[in-house]
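Inspection log for the structure reproduced underneath, given as structure tokens.
In the text below, chain A, chain B and the rest are named by the order of the sequence lines, each starting its count at 1. Below, all heavy atoms of this structure are taken into account, side chains as well, without hydrogens, waters or symmetry copies.
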There are 2 protein chains.
Amino acid sequence: MTENRSLVTTFIEALDNRDWEAWSALLDPDVVYEIPQTRERIRGRDRYLRFNREYPGDWHLRIRVVIADEENGVAWFVWEVDGEEPVDAMAFFTFSGGLIISVTDFWPEPYQPPPGREHLVERW
Amino acid sequence: MTENRSLVTTFIEALDNRDWEAWSALLDPDVVYEIPQTRERIRGRDRYLRFNREYPGDWHLRIRVVIADEENGVAWFVWEVDGEEPVDAMAFFTFSGGLIISVTDFWPEPYQPPPGREHLVERW
């Protein structure tokens with residue numbers, strides 16, 4: 001578990017640092033990356049590396065929470081790009097043989113709250 | 001950790017079953033519930049209970065992944081309401097004294113992938 005926590009933490013930090021060697025070393029060659037919101041999938045470490053190297057903008061990630069057990073992990077992180085408003089995002093991981101074998105990202109966007117709950121809620 | 005995993009699992013299952021007694025028993029009286037996407041916050045178990053009791057629709061939750069350690073937990077679950085397309089959502093938890101002291105929900109929505117990565121990606 002400690003090792004998997006460390007895999008997740010290093011994954012985020014190495015991405016933020018563009019340390020592609022350290023980042024790639026965490027991944028199984030057959031890692032699968034998915035973004036369910038767009039129904040996109042990338043198969044394999046090489047393509048996934050290229051996806052991140054080519055991702056435009058001066059983007060940065062900052063960890064908020066990491067949790068991991070023997071099979072699953074998650075990073076809740078803050079994503080900031082080109083000085084825009086930072087957003088929360090989260091990546092779920094699975095592990096095998098000391099490596100990351102899947103990554104699933106979620107990118108929630110701001111929305112207006114539905115009416116009818118103002119009597120219970122405060123806004124910030 | 002096992003206890004906190006169980007808190008998270010029971011939280012989702014009791015919500016799905018509208019078992020308000022079992023659900024409330026998991027929560028600290030001063031629990032804080034937040035939805036960062038709408039910047040909404042609900043303070044206290046009583047209001048949070050009322051929020052869920054009043055939430056419209058025949059909604060259901062099904063657990064996909066639960067991870068927890070001593071301080072933090074997460075549930076990645078599938079949310080379905082009134083026969084609409086099921087969506088992924090996630091709730092992060094913090095714990096103290098064997099109870100849930102905070103819940104933070106995220107509700108990611110589908111979006112169109114940006115252009116420029118078609119050479120790396122498959123769609124489903």
Side-chain angles (χ1 to χ4, degrees), chain A residues 1-2 4-5 8 32-44 46-56 64-76 78 87-90 92-94 104-114 116-124, chain B residues 1-2 4-5 8 32-44 46-56 64-76 78 87-90 92-94 104-114 116-124:
Chain A
M1 282 181 282
T2 310
N4 289 342
R5 261 192 74 83
V8 172
V32 175
Y33 172 57
E34 291 187 346
I35 311 174
Q37 290 165 274
T38 58
R39 298 174 186 265
E40 289 176 295
R41 181 183 297 117
I42 294 176
R43 289 181 190 276
D46 295 346
R47 282 168 177 258
Y48 188 21
L49 170 61
R50 191 166 162 196
F51 173 81
N52 279 299
R53 292 183 80 121
E54 294 180 358
Y55 201 95
R64 294 198 58 174
V65 173
V66 169
I67 321 170
D69 62 22
E70 279 131 80
E71 284 179 34
N72 294 281
V74 67
W76 169 7
V78 176
V87 298
D88 291 294
M90 48 276 327
F92 285 83
F93 300 84
T94 60
T104 307
D105 274 358
F106 292 99
W107 301 90
E109 300 227 328
Y111 64 93
Q112 284 303 309
R117 57 208 207 188
E118 300 83 354
H119 56 303
L120 301 170
V121 162
E122 61 188 69
R123 306 290 302 279
W124 80 82
Chain B
M1 280 179 286
T2 309
N4 290 341
R5 260 192 75 84
V8 173
V32 175
Y33 172 57
E34 291 187 346
I35 311 174
Q37 290 165 274
T38 59
R39 298 174 185 265
E40 287 177 296
R41 180 184 297 119
I42 294 176
R43 291 181 189 276
D46 296 346
R47 283 169 177 257
Y48 188 21
L49 171 61
R50 190 166 164 196
F51 173 82
N52 279 300
R53 290 183 82 120
E54 294 179 358
Y55 202 96
R64 295 197 59 173
V65 173
V66 169
I67 322 169
D69 62 22
E70 280 131 80
E71 285 178 33
N72 294 280
V74 68
W76 169 7
V78 176
V87 299
D88 292 293
M90 48 275 329
F92 285 84
F93 301 83
T94 60
T104 306
D105 274 358
F106 291 99
W107 301 90
E109 301 229 326
Y111 64 92
Q112 285 303 311
R117 57 209 207 186
E118 300 83 355
H119 56 302
L120 301 170
V121 163
E122 62 187 67
R123 305 291 302 279
W124 80 84

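For a residue to count as touching a neighbouring chain, one of its non-hydrogen atoms must lie under 4.5 Å from one of that chain's; by this rule B:Tyr33 does not touch chain A. Using a 4.5 Å cut-off between heavy atoms, A:Glu122 contacts chain B through both its backbone and its side chain. Only the backbone of A:Gln112 comes within contact range of chain B, with heavy atoms under 4.5 Å apart. Residue B:Arg41 touches chain A through both its backbone and its side chain, counting heavy-atom pairs closer than 4.5 Å. For B:Val87, no part lies near chain A; criterion is any non-hydrogen pair under 4.5 Å. Both the backbone and the side chain of B:Val121 come within contact range of chain A, each with at least one heavy atom under 4.5 Å from a heavy atom of that chain.
Options A:Gly116, A:Pro56, A:Pro113 differ in how many heavy-atom pairs under 4.5 Å they form with chain B, and the most are formed by A:Pro113. The residue among A:Tyr48, A:Tyr55, A:Tyr111, A:Phe51 with the most heavy atom pairs within less than 4.5 Å of chain B is A:Tyr111. Here B:Arg117 is the residue among B:Arg47, B:Glu109, B:Arg117 with the most heavy-atom pairs under 4.5 Å with chain A. Counting heavy-atom pairs under 4.5 Å between each of A:Ile42, A:Ile35, A:Thr38 and chain B puts A:Thr38 at the top.
Below 30°, between 30° and 60°, or above 60°: for A:Phe92 and B:Trp76 the angle between ring planes is between 30° and 60°, a tilted geometry.
B:Trp124 and A:Glu40 get closest at one heavy-atom pair: CZ3-O, 3.0 Å. When all heavy atoms of A:Val74 and B:Ile67 are compared, the pair lying nearest together is N-CD1, 3.9 Å.
For CD of B:Glu54, the number of neighbouring non-hydrogen atoms (other residues, nucleotides, ligands) closer than 6.0 Å is greater than 12.
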